[in-house]
> 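Please read through the structure below; I'll follow up with questions.
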4 protein chains.
Amino acid sequence: MTLEKEDYKEEQRNKVLAGALECFAQKGYEGATIDDIVNESGVSKGSIYKLFKSKEEIYFQLMSQNSKELMDEINAVISKHTSALDKLTALFTEYLGREVNSKVFKSFLVQSEFELFSSRREDLRELLEERRRAKVNIISDVIHEGINNGEFRKEIDITVHADIFWSYMHGNITHKILYPDLPYQELVNGQKESFLKKIRK
Amino acid sequence: MTLEKEDYKEEQRNKVLAGALECFAQKGYEGATIDDIVNESGVSKGSIYKLFKSKEEIYFQLMSQNSKELMDEINAVISKHTSALDKLTALFTEYLGREVNSKVFKSFLVQSEFELFSSRREDLRELLEERRRAKVNIISDVIHEGINNGEFRKEIDITVHADIFWSYMHGNITHKILYPDLPYQELVNGQKESFLKKIRK
Amino acid sequence: MTLEKEDYKEEQRNKVLAGALECFAQKGYEGATIDDIVNESGVSKGSIYKLFKSKEEIYFQLMSQNSKELMDEINAVISKHTSALDKLTALFTEYLGREVNSKVFKSFLVQSEFELFSSRREDLRELLEERRRAKVNIISDVIHEGINNGEFRKEIDITVHADIFWSYMHGNITHKILYPDLPYQELVNGQKESFLKKIRK
Amino acid sequence: MTLEKEDYKEEQRNKVLAGALECFAQKGYEGATIDDIVNESGVSKGSIYKLFKSKEEIYFQLMSQNSKELMDEINAVISKHTSALDKLTALFTEYLGREVNSKVFKSFLVQSEFELFSSRREDLRELLEERRRAKVNIISDVIHEGINNGEFRKEIDITVHADIFWSYMHGNITHKILYPDLPYQELVNGQKESFLKKIRK
DNA sequence: TATGAATGAGCCTTCATTCAT
DNA sequence: TATGAATGAAGGCTCATTCAT
C-alpha cells in the first residue's frame, strides 16, 4: 500500500529522470525545457513538479543518480577481476566497448556539462569535490591493492595516479563523444599502455 | 578613412568578443545575456547587433578567434624550441604554468562548453572536426619531425598519438578548472612522462 | 440512514468551511489553495469537490454561513438584555472583549476581503446588499424599540443610524485587525459614547 | 538629456501605476495580471519589467504613491481653512462630495485591499504602522491646534481621537464603496456631528 | 465512496532581437 | 551612426479541477 505507492512514485521519478537525461543529452540543461521532459518522459508537468521542486532539482538528482550508477558499474567491473592490473585494464576496455549512444555516454555527456555548470557555482564546488573524491577513492584502492600485491611500484603517488587515471578517462570519453568517428580503440589502448607502464613494476 | 573605419569596427568587435569571453566564462553561453556583454564590453546593444547578427554569431566568432589564438600560441611555443622533444615538453609545461584565471583557461572553459554545444548540433559537427584537425596537425607535424630527427620511434601511429596528446591536454586542463586546488603540476608531469616515454626512442 | 449520511456530509462540509476560514484568514482568498484547505480541514481533495462545486463556492458558502453566525451571535447578545440602550452597549463591548485571534475576528477579516471581492463583481452586488439589509435590520429593530421605549429620540433617522452603527463597527474592527497593538478599548469606548450620545434622549 | 530621459521614465512609470490602479481596482491585486496592466497602461511587458522589479513592486510603489497623494490632498484641504473646526469639517465633507468612480475612491479601494494584504505579512506590518502614524499625525496636529485655540476640550486624548477620526473615515468610505446607492451624505453628516460633538468645547 | 495522482491553462518573468531617435 | 527603449515569444512554475482506482 504505502509501499506500493512509494514504489509507484519512485517509478515516476525514474521516468522523469530518464526523460531528463535524454533531453539534457540532446539539448543541454538550459536548452531542454520542462515541456521537452514532459514529452520525453510521458509524465505531465504537474506531476513532475509534485515529484521535483524545480528543473534544477531534476538536474541535481539526475546527476547524483548517474554518479551512483557510474560508481556501481565501476565496482561491478572491478569485482569481476582479481589482480589489480586486470581491474584497471578492464576499466579501460569496459568504456571502450560502449556505443556512443549508450546510456553511459549520454550520462557522461550530461555529467560533463554539469561539471562546467558546477565549476561556475560556488555552492556546488563542494559537491564537485565530493564526487571527485569518490571516483579517486575507487581507483586509489585498486592501486593500493596492486602495490600490496607486488603488481605496482611502491614509490608511486597513489592519489596523483588515481587523478591521472580519471583525467585520462575524461579526455578519452570526451574525445569519443566529440569525434565519434575516430579510431577510438587505438587511442584508449595507447592511453592504457601509457598509464599502466608508469605504475607497473 | 574607410580603412580607419574598418579598424574601428574591428576594435569594437574585439571589445565585444573580449566581453563575451568574460561573460561566457562566468555564466556559460546560455546564462550570459546580451546585457551582460553590453556591460562587460562597454559596447551598446545596438552596436553589438550591427557588428554581429546574433548572440550565436558572437559565440561562433569568439570560438573561431580563440581557436586561432590557441594555434598561434602553440606555434609560438613550438618555434621557440628546436628539438621535437623540447617542443612537446614545452607544450606540456606551457599550460602548466598558467593561472586558472588566465585568458587561456577562460578560453578553454568556454571552448569546452562550446564543444559540448557543438556535439549536439549536426550543423556544427564539421566545424568541430575541422578544429580537431587543426590541433592534431600541429602535433602531428612535431611528432613527424621527431621521427625524422630520430628522436621518436618510427613505428608509432602519428595521428593517434597526436589525438592522445590532445586527449591528455583536455583531461588535464579540465581537471585544473574543476579542481583548482589539486596538485596540478605533479599530475601534468605524470602525464607528460607517460606520453613522452611512449613515443621516445 | 439517509439522515445519518446527510449528517455526515454536513459534518464534512463544516470541516471544510472551518478549514477554509482558517486558510482564507491566513492567506487571503486567492492566496489560499485547495491543498491548504485539504491540509487544514483534513478532508481530501476529491471529497471537497464532491461537497462543493468550486473554490468559489466554498468561499460563498463560508461567507453565507459566517454571516448567519454573526447574526445569531448578535441576536444572542441582544436577547440577553432588556433595554435598547443596554443592547447597543453590549454590542459595542461584546466585540471589544474578543481576542484578535478569535473566530469572530478571523471571520471579520475574511468578510472584509469578501466585501472588497463582491464590490468588484456585479453578480455579487445583490448579495452584498442583502447582507447589509440583514445587519441594518437587527440594529434598526433595536433603535426602533428604544424609540418606542422612550430611550431614544423620536426624530432620528433609524436606518441612517443603523448604518452609522455598522460603519463604526467596521472601522473599528478593521482598526483592531490592522493595528493590534493599539489601545483599542478607549477607541471603542469613544465611539460608543459618540454614537449613544447622538441617539439618546 | 539625462533629465529628459529621467522625465520620460517617470512618465512611463506613472502610466504603469495609473494602469495598475485601474486594474487592481477592477480585479484586485491577485486577480489583475501583468497583461491587464500592459493593456490598460499601454506600456509593454518588457518595459514594465525594466521600470519595476516585479508585480509586487508595482503594488508597493502604487500604494506608497497613493498614500502620499492622500496626505497631500488632506494637507491641501486643511490649509484652506484657519480654524481647527473648519479643517475637520472640511475633511469630512471633502470626501463626501467625491464620485465613487473618482480616483480617490479607487485608491481607497485598492488601499483597503492592501491593508488586508499587509496585515497578513509580517514584513509589511511596520509599513502599515508607519502609514497609520502619518495619518494620525495630521489629525493630531489639527486637534492640538484646536485645543490651543480653545476650540476643543483640553481633556481629550488627542491620539485616540485622531484614531477615531480615521476609523470613522474608514468605515465611511468603505460603506460608500460597498453600497454606492446609500444616502451617504446623511451618514457622513451623522458621523461628523458625533465626532465633533465629542471634542468641541 | 474516498483518495490523491494527473492534467494543462495561465501566470510572472526573462531576454534576444528590433526599431525609433 | 550609436543608443537603449520597446517588443513579445517562450520558459518555469502553480494550482483549480478532473478522473482513475
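Chain A is the first sequence line, chain B the second, and so forth, proteins listed ahead of strands; every chain is numbered from 1.
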> Check whether any side-chain heavy atom of C:Ser118 lies under 4.5 Å from a side-chain heavy atom of C:Leu127, and answer yes or no.
no
> Of the options A:Arg125, A:Arg120, A:Arg121, which is the one that meets A:Asp123 in a salt bridge (Lys or Arg N to Asp or Glu O under 4.0 Å)?
A:Arg121
> State, to 0.1 Å, how close C:Asn66 and C:Ser107 come at their nearest heavy-atom pair, and which atoms those are.
ND2-OG, 3.2 Å
> Specify the residues of residues 17-26 of chain B, ordered by number, for which at least one heavy atom lies under 4.0 angstrom from an atom of DNA chain F.
none
> Are any of the side-chain heavy atoms of B:Leu62 and B:Phe114 separated by less than 4.5 Å?
no
> Quick check on salt bridge (Lys or Arg N to Asp or Glu O under 4.0 Å): which of A:Lys103, A:Lys15, A:Lys106 does A:Glu22 satisfy it with?
A:Lys106
> Do B:Ile48 and B:Ile58 have side chains that approach each other closer than 4.5 Å (heavy atoms only, starting at C-beta)?
yes
> Would you tell me whether A:Ser47 and A:Ser44 have side-chain atoms, one donor and one acceptor, within less than 3.5 Å of each other?
yes
> Say you draw a straight line from CD of B:Gln65 to CG of B:Leu17; how long is it, rounded to the nearest 0.5 Å?
5.0 Å
> Listed by chain and number, what are the side-chain contact (heavy atoms from CB on, under 4.5 Å) partners of A:Asn39, not counting sequence neighbours?
none
> Taking 5' to 3' order, which nucleotide of DNA chain E is first and which is last to have an atom within less than 4.0 Å of a heavy atom in chain A?
E:dA5 to E:dG10
> Considering residues at least two apart in sequence or located in another chain, which fulfil the side-chain contact (heavy atoms from CB on, under 4.5 Å) criterion with C:Lys27?
C:Ala32, C:Asp36
> In dot-bracket, 5' to 3', how would DNA chain F read with Watson-Crick or G-U wobble pairs under 3.5 Å, [ ] for crossing ones and | for pairs to another strand?
.||||||||||||||||||||
> Quick check: do A:Lys50 and A:Lys9 have side-chain heavy atoms less than 4.5 Å from each other?
no
> Describe, in one word, how the ring planes of C:Tyr29 and C:Tyr59 are oriented to each other, choosing from parallel (under 30°), tilted (30 to 60°) and perpendicular (over 60°).
parallel
> For nucleotides 7-15 of chain F, give me one character per nucleotide, 5' to 3': B if any protein heavy atom sits under 4.0 Å from the base, S if the only such contacts are to the sugar-phosphate, - if neither.
BB-BSSBBB
